[in-house]
2 protein chains.
Amino acid sequence: MSSNPLAVREHGPRYLWIREQLVRMILDGGFKGGAPLPPEGQLARHFGVALGTLRKAIDELVARKIVERVQGKGLFVAAYDTQAAMRLFRIVDASGVKQLPNFDRVLGIRTRAAGANERLRLGLARDEKVVELRRTRTFADGAVMLESICLPGSRFADFKARLGTQRPVLLYDFYEQEYGVRIVGVESRLRAVSATADDAKEMGLRAGHPLLEVERVAFELDARPVELRTTLCDTTEGRHYLDVPG
Amino acid sequence: MSSNPLAVREHGPRYLWIREQLVRMILDGGFKGGAPLPPEGQLARHFGVALGTLRKAIDELVARKIVERVQGKGLFVAAYDTQAAMRLFRIVDASGVKQLPNFDRVLGIRTRAAGANERLRLGLARDEKVVELRRTRTFADGAVMLESICLPGSRFADFKARLGTQRPVLLYDFYEQEYGVRIVGVESRLRAVSATADDAKEMGLRAGHPLLEVERVAFELDARPVELRTTLCDTTEGRHYLDVPG
DNA sequence: AAGTGGTCTAGACCACCGT
DNA sequence: CGGTGGTCTAGACCACTTT
């Protein structure tokens, strides 16, 4: 159905056009993470192109981790399993092993006016508010991270109530389940800072202790920024941030 | 010539086999950065495969930034132009612009026994020595970075004399010209540390100032580590390390 | 056995670059 | 103009998964 093989379309390679159609299909078609997509042959007929062309479009979505191929089974919308989280979370312990820290304690959830940096990074309008969640996370060895998470208030209504008593390790799962927000990419800025008295108290360190500050912006499929997360982490015991450029 | 289309070869897709042949061709064939490769049609005939298969092999090398395609002109071995350097160098100034800091001053070049970390990261034998270059680099705004660069002595003979009075901003160019060593990938570990008295003096800061320490290992085409570089950078004036996962 | 993705072929035509 | 890479086709056969 629909199809319409050689419609008006012009400008640009067909596989790029198909790639965008597929993104919209996933976004608007109610495909959740892990959901199966139609088989390649069917998609090729639907778009009226050869299999090779359709595959080239899929290849790019696979490279972007938006779609997964499983031989003999089919195509699937990529899910936020632990593996994906591992790809975004880059702090590694002394033995070189990535280990997701627990969601330890909520320090506060509040809605407030956005600061200049939050407006910039999240692309907010002048008067838009943000929801801020402050929490601690702990590693297996007991080390504590301090995290502040800012979300655009307009898209995360009723955040405190919906989070309730949940303490999800992967907030991105929560965003998807509760708000239909799929994170597909991040961009991080790293700095070294000194622990303030408050930081130090919360993390069990002395004031002035050097901390790695990771400011991470998370993006949706359509490249809109949806989360600004600032993490403070002690990196003096072998723990470090690992960067392996693609 | 040679060719030998359907030789013993088995196990594994052909395009992977061809990809490895191409890597060896570049490594052993004396192709310098920027050198043109034979056209796709010729390579396809040489390996005895269809154009599409050859292109799939090339696609992977292009993705790894080992080969470049230029429409209408041909294939080229990727060069270390400033753009490639920008991809590896990830420190961004306050305005968000990447700017390569100058090679400011040599603090010392010496050959010495390798420490435990150097042996680990560079995969050195027990008794192998390293050449260490210590230098400062300065940004346009005057900020200073402190850098220690360790190389396996066995592969960088006569380093001090060959460097002479050169002050290349891109050491990787120097490695390629003088030693035929092509860097194609890096892996960085980041920590926050406190400036020692010596660091502080060299960088014009007070002791205890928080510094971002970037420990970067550079790899050759065949994945051998060839350089361990430790950089200390002041990140309190808006300067930061930018990480955009592929 | 039927259905899926993975590899491979042997062409075609287009867009771009140099002479 | 001829040569190059870029796109696209319409098939073929293989490897894997499920029924």
Return no unless some side-chain N or O of [X] is found under 4.0 Å from OP1 or OP2 of [N].
X        : N      : answer
Tyr15(A) : dC8(D) : no
Thr53(B) : dT9(C) : yes
Arg69(A) : dT4(C) : no

Separation of [X] atom [atom1] from [N] atom [atom2], in whole Å?
X        : N       : atom1 : atom2 : answer
Ile58(A) : dG6(C)  : CD1   : C1'   : 14 Å
Leu43(B) : dT4(D)  : CG    : P     : 11 Å
Glu40(B) : dA10(C) : CD    : C1'   : 15 Å
Arg55(A) : dT4(C)  : CZ    : P     : 14 Å
Arg14(B) : dG6(C)  : CZ    : P     : 19 Å
Arg45(B) : dA10(C) : CZ    : P     : 13 Å
Glu68(A) : dT4(C)  : CD    : C1'   : 16 Å
Leu54(A) : dT7(D)  : CG    : C1'   : 15 Å

Who are the side-chain contact (heavy atoms from CB on, under 4.5 Å) partners of [X], not counting sequence neighbours?
X         : answer
Glu60(A)  : Tyr15(A), Leu16(A), Arg19(A)
Asn117(A) : Leu120(A), Arg121(A), Glu215(A), Leu228(A)
Ser95(B)  : Asp93(B), Val97(B)
Ala223(A) : none

Can you name the salt bridge (Lys or Arg N to Asp or Glu O under 4.0 Å) partners of [X], sequence neighbours left out?
X         : answer
Glu213(B) : Arg191(B)
Arg167(B) : none
Arg239(B) : Asp141(B)

Ring-plane angle category for Phe139(B) and Phe89(B), please: parallel below 30°, perpendicular beyond 60°, tilted otherwise. tilted

For nucleotides 12-19 of chain D, read 5' to 3', which letter fits each nucleotide if B means a protein heavy atom sits under 4.0 Å from the base, S means only the sugar-phosphate is that close, and - means neither? ---BBSS-

Charged N-O contact under 4.0 Å between Asp243(B) and Arg90(A): yes

Nearest heavy atoms of Pro225(B) and Val217(B), plus distance in Å: CB-CG1, 3.7 Å

Please tabulate, for side-chain N and O atoms in residues 22-41 of chain A, each donor-acceptor pair with protein atoms closer than 3.5 Å (sequence neighbours left out).
residue  : atom : partner  : partner atom : Å
Glu40(A) : OE1  : Arg55(A) : NH1          : 3.0
Glu40(A) : OE2  : Arg55(A) : NH1          : 2.9
Glu40(A) : OE2  : Arg69(A) : NH1          : 2.5

Looking at residues at least two apart in the chain, or sitting in another chain, which of them share a ring pair (Phe, Tyr, Trp, His ring centres under 6.0 Å) with Tyr179(B)? Phe156(B)

Measure from the side-chain heavy atoms of Pro39(B) and tell me the nearest of dT4(D), dT7(C), dT9(D). dT4(D)

When you get a sec, tell me which of dT9(D), dC8(D), dT9(C) is the closest nucleotide to the side chain of Ala50(A)? dT9(D)

Annotated structure of DNA chain C as dot-bracket, pair cut-off 3.5 Å, Watson-Crick or G-U only, | for inter-strand, is |||||||||||||||||..

Which residues in residues 18-25 of chain A have at least one heavy atom lying under 4.0 Å from any atom of DNA chain D? none

